[in-house]
**Q** 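Can you keep this structure in mind? I'll have questions shortly.
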Amino acid sequence: METYSGSMQDPQLLRYSRQILLPEIDIAGQERLLGASVMILGLGGLGSAAGMYLTAAGLGHLVLVDFDRVDTANLQRQIAHGTKDIGRLKVESAAERLRALNPDCRITTIDGRLDGGDLAETVARTHAVVDASDNFPTRFALNQACYETKTPLVSGAAMGFAGQVCVFKPGQADSPCYACLYNDHDAAADTCTESGVIAPLVGIIGSVQALETIKLLTATGVPLLGRLLRLDALTMTWTSARIAKDPRCRVCGGPEPVSA
Ligand SMILES: [Zn+2]
């Protein structure tokens, strides 16, 4: 057996052993995870699941962004928060839960609405972004920031019994963006916050987002790039369809941005 001479300590080698055992991840992949920074926008149902799996898997740094506070009606599916957290800021409640889960993961919290330059600046300091928000204006703003800073975006949504995930990698030739998929007309029809959602669905979709993020960070497998993965939980049917880049897209349709 080879002697390990990297930066991980024995407890970490043990803690992440079931991932290090995977030839696709190995020591190198685990070290990449421990050195990576990811932003999660939205600490609701999707963000709870994605955040908990990324933290447990040994991500080095998480930036949690949410302006909202924990409400009783959140607890049915937002498993990073507990009954005692009602009324607390979601980022504080989630940070406490995640720190208890794995102290290796450094957590930064931003309790507010980020937009424009602030959002792009925060996104630029991360290696990937998990969109776990619940509304179109936020999703469009996040897509814009990821496009400008060429940051990979792992987008997820869940409503009723239906969920979807898609990964966008701005800067890659022919890569579509979130705005190629949806326009302002779709956004006007959004009723996400008023409709119900079945609890485990957000866990499934958030977990797929965490897995796709780990794959991106460790360059493992084939990412869900430009493919829209959909789940109909009522029939438990998964489908996936390629998304074409829209040459007239208001975000990515013009010339490439110069900032990296
Ligand atoms: Zn686009």
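First listed ligand is number 1; within each ligand, the first listed atom is number 1.
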**Q** Are more than 12 heavy atoms from other residues, nucleotides or ligands located less than 6.0 Å from atom CZ of Arg250?
**A**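 Above 12, so yes.
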**Q** Let's test this: below 2.8 Å, count the protein N/O/S atoms around the Zn ion (ligand 1).
**A**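 N, O or S atoms of the protein closer than 2.8 Å: 4.
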**Q** Hey, what do you get for CG (Leu64) to OG1 (Thr55), rounding to the nearest 0.5 Å?
**A**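 These two atoms lie 7.5 Å from each other.
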**Q** Show the numbers, then the answer: is there a side chain to side chain contact (heavy atoms under 4.5 Å, CB included) between Asp104 and Arg15?
**A** CA-CA 10 Å; Asp104 281 351; Arg15 183 172 196 125; 4.2 Å; yes
**Q** Any side-chain donor-acceptor pair under 3.5 Å between Ser37 and His127?
**A**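 No, because no side-chain N or O of Ser37 sits under 3.5 Å from a partner of the opposite role on His127.
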**Q** Using the six-membered ring wherever Trp is involved, compare the ring planes of Tyr178 and Phe136 and label them parallel, tilted or perpendicular (cut-offs 30° and 60°).
**A**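 Geometry flag for Phe136 against Tyr178: tilted rings.
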**Q** Of all residues at least two apart in sequence or in a different chain, which pass the salt bridge (Lys or Arg N to Asp or Glu O under 4.0 Å) check with Asp115?
**A**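 Counting only residues at least two positions away or on another chain, Asp115 forms no salt bridge (Lys or Arg N to Asp or Glu O under 4.0 Å).
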